[in-house]
Amino acid sequence: MLKLSEFGKKFTAGCGIVELMEDLGAALNENPDMIFMGGGNPARIPQMESIFKQQFEKILADPEQFYSTTGIYQSPQGELEFRRQVAALLKRQFGWAVSEANIAISNGSQSAFYILYNLLAGSMPDGSYRSIHLPLTPEYIGYRDLGLGENFFTATKPEIELIGDDLFKYHVDFADLKVTEQTAALCVSRPTNPTANVLTNEEVEHLDQIARDADIPLIIDGAYGLPFPNITFVDAMPHWNQNTVLVLSLSKLGLPGVRTGIVVANEEILQAYSSANTVINLACGNLGPSITGDLFRSGDIINISNQYVKPFYQQRMQQVVALFRALMVDVPYRIHSPEGAIFLWLWFEDLPITSQELYQRLKSRGVLVVPGHNFFPGITDDWPHQQQCIRVSYVQEVAVVERGIKIIAQEAAKAYREG
Ligand SMILES: Cc1ncc(COP(=O)(O)O)c(C=O)c1O
């Protein structure tokens, strides 16, 4: 029998994200007609596909560019010219004091989080132990199993504001937010996966102040947001300073397959990141930087985000919210205020069954969503709210999403009737 190390055991036994991905994959294999409203895949946006295709063709047509994309290891921090272009754009657009020394590339932002989290938290040389604090849960499921130590996350529950008849919004509960000697960093995704929340500028400023006072970094996960792909439907300012680690990604622009993340941080953090990245990855893939280099140089990465990506999701979100309102009759549900990202977060207050049971029932009816209890890393008590939510992606065709919503409405109504 294969003898696994502690490391091996950690990554094979009961990782929430692995089990969920396997379950979603198996369900899709068994029934290819499943209505897929789980997973984090971005939508196919024809204009974006065509821009990326043109860039590919340019690379293929130029032997030197082809060679530099495929034939050489770039430095572990990423190709210098690309980092210069990214830094110049951020400086030009937002006035941030960044140079290429503040930019590093990763093989997808997920792998950047693995390195950054474990650089900062876990067992410390003085024998103490530090954790990453999530100031507002629900938070991204993908963080949950990244830490090499136990109890890697602590978290603060949100304040819940009810809005109108069928919306609600989470706010950071600053009165309850405790930073201690054991806190290694604060981390938020903005827009938030899974809730579609966008932390307000004031919340970010406040978190920034708390982090600076405690001399710990504030990590902002901008996979959906600011400044690109800018899938935000409310006014929100991108945020960065020397104490902020901003982690960006090309994935939600429509390039999840090229696996490129971008870390913007102070030089001390970036050097530590680059050392670890050399050991783990040697170098990062060149394809993402090659395809998007021109777009950073011209600033078009921001223009195309605003012109094609954001309106696509905003329009889809509006259609899907309208569908929920029309179809969820006799079900006490609320949608988190849809402020960004590519899904809706539904809350069924006092739901008589668990979110896992609802997920199973929906799966047996041919609809895949993500059960909400996975999105509460760091919450250690049995807060009932964790069992009352699901995440629903709306990137499929509207007619498909509509069929899914009808089934969600039927199953939720049935669960309340039985309860
Ligand atoms: C909030 C958030 N952060 C990070 C990631 C990781 O993305 P990638 O590794 O593709 O850059 C995802 C992926 O869905 C995400 O939703």
Side-chain angles (χ1 to χ4, degrees), residues 15-18 20-21 24-25 36-43 48 52 78 86 103-117 132 134-147 153 155 170 185-199 218-232 236 245-264 273 277 280-281 284-285 287-289 291-292 301 305 309 313 336 339-345 369-370 372 374-378 391-395:
C15 289
I17 191 167
V18 177
L20 185 68
M21 288 302 158
L24 293 176
F36 194 68
M37 297 166 91
N41 229 55
M48 297 300 284
F52 298 139
V86 174
I103 309 288
I105 307 306
S106 66
N107 285 326
S109 66
Q110 185 75 15
S111 87
F113 281 104
Y114 174 70
I115 294 174
L116 286 167
Y117 280 173
I132 303 288
L134 307 172
L136 196 165
T137 39
E139 219 0 311
Y140 174 42
I141 183 175
Y143 300 152
R144 226 179 68 172
D145 298 303
L146 282 181
F153 292 98
Y170 295 123
L186 302 181
C187 182
V188 290
S189 59
R190 184 183 191 233
T192 308
N193 176 358
T195 59
N197 192 16
V198 175
L199 264 74
L218 168 63
I219 303 172
I220 299 182
D221 178 351
Y224 298 88
L226 299 152
F228 60 84
N230 198 13
I231 312 175
T232 56
V245 182
L246 177 62
V247 183
L248 299 169
S249 170
L250 300 184
S251 295
K252 311 299 172 180
L253 287 165
L255 294 172
V258 310
R259 309 305 302 129
T260 303
I262 299 171
V263 182
V264 190
Y273 167 82
N277 194 37
I280 295 171
N281 289 309
C284 290
L287 193 55
I291 298 170
T292 55
I301 196 91
S305 296
V309 183
Y313 288 107
H336 189 283
E339 299 174 342
I342 62 177
F343 12 68
L344 295 178
W345 177 250
V369 300
V370 185
N374 292 291
F375 294 93
F376 293 83
R391 191 192 77 180
V392 179
S393 154
Y394 51 74
V395 302

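First listed ligand is number 1; within each ligand, the first listed atom is number 1.
Using a distance-only test at 3.5 Å, with no hydrogens or angles considered, a donor-acceptor pair links the side chain of K252 to the main chain of G40. No donor-acceptor pair closer than 3.5 Å links the side chain of E339 to the backbone N or O of P191.
Taking CZ of R144 as the start and CG of L146 as the end, the distance is 11.0 Å to the nearest 0.5 Å. Taken to the nearest 0.5 Å, the OG atom of S251 stands 10.0 Å off from the CD atom of Q110.
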For ligand 1, run through the N/O pairs with the protein that fall under 3.5 Å and put one pair on each line.
residue  : atom   : partner : partner atom : Å
ligand 1 : 3 (N)  : D221    : OD1          : 3.3
ligand 1 : 3 (N)  : D221    : OD2          : 2.6
ligand 1 : 7 (O)  : S109    : OG           : 3.3
ligand 1 : 9 (O)  : S109    : N            : 3.1
ligand 1 : 9 (O)  : Q110    : N            : 2.9
ligand 1 : 9 (O)  : R259    : NH2          : 2.8
ligand 1 : 10 (O) : S251    : OG           : 2.6
ligand 1 : 10 (O) : R259    : NH1          : 2.8
ligand 1 : 11 (O) : S109    : N            : 2.8
ligand 1 : 11 (O) : S109    : OG           : 2.7
ligand 1 : 11 (O) : S249    : OG           : 2.7
ligand 1 : 11 (O) : S251    : OG           : 3.4
ligand 1 : 14 (O) : K252    : NZ           : 2.8
ligand 1 : 16 (O) : N193    : ND2          : 2.8
ligand 1 : 16 (O) : Y224    : OH           : 2.8

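Taking the six-membered ring where the residue is Trp, Y224 and F343 present perpendicular rings, their angle passing 60° and hence far from 30°.
With sequence neighbours left out, the ring-ring contact (aromatic ring centres under 6.0 Å, His included) criterion links F113 to Y117, Y143.
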